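Worksheet: one structure, shown below.
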Amino acid sequence: MRTYSHDRPAMIGRRGFIAPCLPSKVTRPPTGPDWVHEIKHDGYRLMVRRDGARVRCFTKGGRDWADRFPAIVDAALPLRGPC
C-alpha cells in the first residue's frame, strides 16, 4: 500500500475508513483468470460506508465528502446488508 504524507492526517482516527488500493498505469492490463481490473475514468473515486442511518463517502485520503454527494448518500440509505 502506498501512503502519501498529505493523506496521513485524514486517515488517522477515521473509523470505518479502509485505505484503497491505488491504480498503476501500465501499457496493457494483466491477463489470466486471477486478475480483475477496471478502466480509470476521470472523476472521483469514493468508498461509501453505511452504518444504520449514517452514510459516509470517503475519499482515498480518508476525508468524508458525504455532504458533497447527497445523491449517493440517498442511494446508499435503502441498501440492505452491511456496506
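Fair warning: this is a prediction, and the values are worked out from it, not measured in the lab.
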Approximate separation, where rounding is to 0.5 Å, of Arg56 CZ and Arg63 CZ: 15.5 Å
Donor-acceptor pair, side chain of Asp64 and main chain of Cys57, under 3.5 angstrom: yes
d(Leu46 CG, Phe69 CZ) to nearest 0.5 Å is 5.0 Å
Over all atoms of both residues, closest heavy-atom pair of Phe17 and Thr59: CE1-O, 3.3 Å
Distance from Met47 atom CE to Lys60 atom NZ, nearest 0.5 Å? 12.0 Å
Check Leu77 against Arg50 and note the closest heavy-atom contact, atom names and distance. O-CD, 3.8 Å
Side chain to side chain contact (heavy atoms under 4.5 Å, CB included) test vs Val55 passes for just one of Ile72, Val73, Asp74, namely Val73
